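All remarks here apply to the structure that follows.
Whatever order the structure lists ligands and atoms in, that order sets their numbers, starting from 1. From a predicted model like this one, the values you see are computed outputs, not experimental measurements.
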Amino acid sequence: MKPMLMDLTFNNIMRMMTGKRYYGEETNDEEEAKRVRKLVADVGANTSSGNAVDYVPILRLFSSYEKRVKKLGEDTDKFLQGLIDDKRGQQQETGTTMIDHLLVLQKSDTEYYTDQIIKGIILIMVIAGTNTSAVTLEWALSNLLNHPDVLSKARAEIDNRVGLDRLIQESDLSELPYLKNIVLETLRLHPATPLLVPHMASEDCKVGSYDMPRGTTLLVNAWAIHRDPNTWDDPDSFKPERFEKEGEAQKLMAFGLGRRACPGSGLAQRIVGLALGSLIQCFEWERVGNEEVDMKEGVGNTVPKAIPLQAVCKARPFLHKILS
Ligand code: HEM
């Protein structure tokens, strides 16, 4: 499932930014899509591993990491500049992509909305928004396969509120509280970035009973906070119903808190909710064998499953009718 979910979230973000798809059958330009897919795979392979030279400087003599990453940076910059230049050749005022809007802003505020800033915005949306949403979907589906009762309840909610005459759409999400609670429970047990991102104290301060001198790096262990038995009942169990209690969702830290919290949290919850809702509405899902889906965590910036999810699915009969 993981590669398909990654393709989905990457297409989603890139369609918002550029209007183009790079994965699947409806790609606009297959040659360009192939180049972009290779670039994305190379960036993925080189970002989560880190640079051993940072810890053991002598390794510089043997390592090609820095050279490789520099070349990758140049290729990425060329690709992003190409996206902006393509759009600049078109009529932005009628365009609906994010790059169109940013180029309109560039005309009125040239100093702030430079190409560099626009490239940075595209890049951070791809880096921060694709893998995080894809792993959350993979954990959500894994939990549903291990809890068929929850899956049936979610399907019943969608069938009742959306029906079988059309596909679920974004505007339905506010009417599907159980589906929302499944997403929240997944974010509680499997926060995609379990240590958030490192923060630094800009002034001397106290966190709980600890003194934090200015300049201290602070890591927040959201994973542990989300499983703290003093805060949650039966914290290790997957129980979306817990979020029916008022105020429970406010205890989550999967998107951080405060000024530097994730600005994509609303978008992420819509992407994950709609994708998961569509998978539940359109397909019958089963585990590959009788055994439960393995829920061990692997290693990575955004916590992957140790064993990638494989599942069996069959289109529900109504789908043929509405797609024909
Ligand atoms: C399930 C999906 C996602 C999760 C779990 C997630 C989680 C996080 C977390 C924990 C942080 C750091 C917050 C902190 O340290 O206090 C963060 C930062 C950020 N996220 Fe997300 N995120 C997700 C999706 C997205 C999406 C879809 C976008 C945009 C397209 C996005 C854009 C960003 C950006 C730009 C930052 C940096 C904000 C800053 O430093 O001020 N994220 N995210």
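Considering only non-hydrogen protein atoms, atom 23 (C) of ligand 1 sits nearest to T132 OG1, 3.5 Å. Among all non-hydrogen protein atoms, the one lying nearest atom 9 (C) of ligand 1 is T193 OG1, 3.7 Å. With hydrogens left out, the protein atom closest to atom 29 (C) of ligand 1 is G264 CA, 4.0 Å, a heavy atom. Ranking the protein heavy atoms by distance from atom 4 (C) of ligand 1 puts F255 CE2, 3.4 Å first. Regarding atom 42 (N) of ligand 1, its nearest protein heavy-atom neighbour is C262 SG, 3.0 Å. Looking only at heavy atoms of the protein, atom 27 (C) of ligand 1 is closest to G129 CA, 3.5 Å. Counting protein heavy atoms only, atom 13 (C) of ligand 1 is closest to R260 O, 3.4 Å. Closest to atom 25 (C) of ligand 1, if we only count protein heavy atoms, is A128 O, 3.4 Å.
No side-chain heavy atom of K305 sits less than 4.5 Å from a side-chain heavy atom of M1. Side-chain contact between H190 and E138 is absent, with no heavy-atom pair separated by less than 4.5 Å. Annotation: side chain of Y22 is not in contact with side chain of L39 (no heavy-atom distance under 4.5 Å).
Looking at D77 and K119, a side-chain N of the basic residue comes within less than 4.0 Å of a carboxylate O on the acidic one, giving a salt bridge.
Heavy-atom proximity to I124, at under 4.0 Å, picks out these atoms of ligand 1: 35 (C). Near I13, meaning under 4.0 Å from any of its heavy atoms, are these atoms of ligand 1: 30 (C). If you number the atoms of ligand 1 from 1 as listed, the ones under 4.0 Å from a heavy atom of L196 come out as 10 (C), 15 (O). Close approach of ligand 1 to T136 is summarised as follows: ligand atoms under 4.0 Å from at least one heavy atom of the residue are 1 (C). Near L267, meaning under 4.0 Å from any of its heavy atoms, are these atoms of ligand 1: 30 (C). Atoms of ligand 1 lying under 4.0 Å from at least one heavy atom of V197, given by number and element, are 12 (C), 15 (O). Annotation for ligand 1: atoms under 4.0 Å from non-hydrogen atoms of A254 are 5 (C), 7 (C), 10 (C).
Ligand 1 has no atom lying under 4.0 Å from any heavy atom of V272. Within the 4.0 Å heavy-atom shell around ligand 1 one finds P263. Within the 4.0 Å heavy-atom cutoff, H199 counts among the residues contacting ligand 1.
Using a 4.0 Å cut-off between heavy atoms, I271 makes no contact with ligand 1 at all.
With hydrogens and angles ignored, the 3.5 Å screen pairs no side-chain donor or acceptor of N11 with any backbone N or O of L8. Remark: the backbone N or O of L145 is paired with a side-chain donor or acceptor of R287 at under 3.5 angstrom. Remark: side-chain polar atoms of E286 are not paired, donor with acceptor, to backbone N or O of V312 under 3.5 angstrom. Looking only at distances, no side-chain donor or acceptor of R188 sits under 3.5 Å from a matching main-chain atom of L252.
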Test Y178 against E244 for side chain to side chain donor-acceptor pair (under 3.5 Å), laying out the working first. CA-CA 9 Å; Y178 194 65; E244 284 162 11; over 6 Å; no
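When D100, I13, L83 are each tested for a side chain to side chain contact (heavy atoms under 4.5 Å, CB included) with T18, only one passes: L83.
In plain terms, the two heavy atoms of V293 and S142 that are nearest each other are CG1-CB, 3.9 Å.
Hydrophobic clustering (side-chain heavy atoms under 4.5 Å, transitive across Ile, Leu, Val, Met, Phe, Trp, Tyr) keeps F10 apart from L141.
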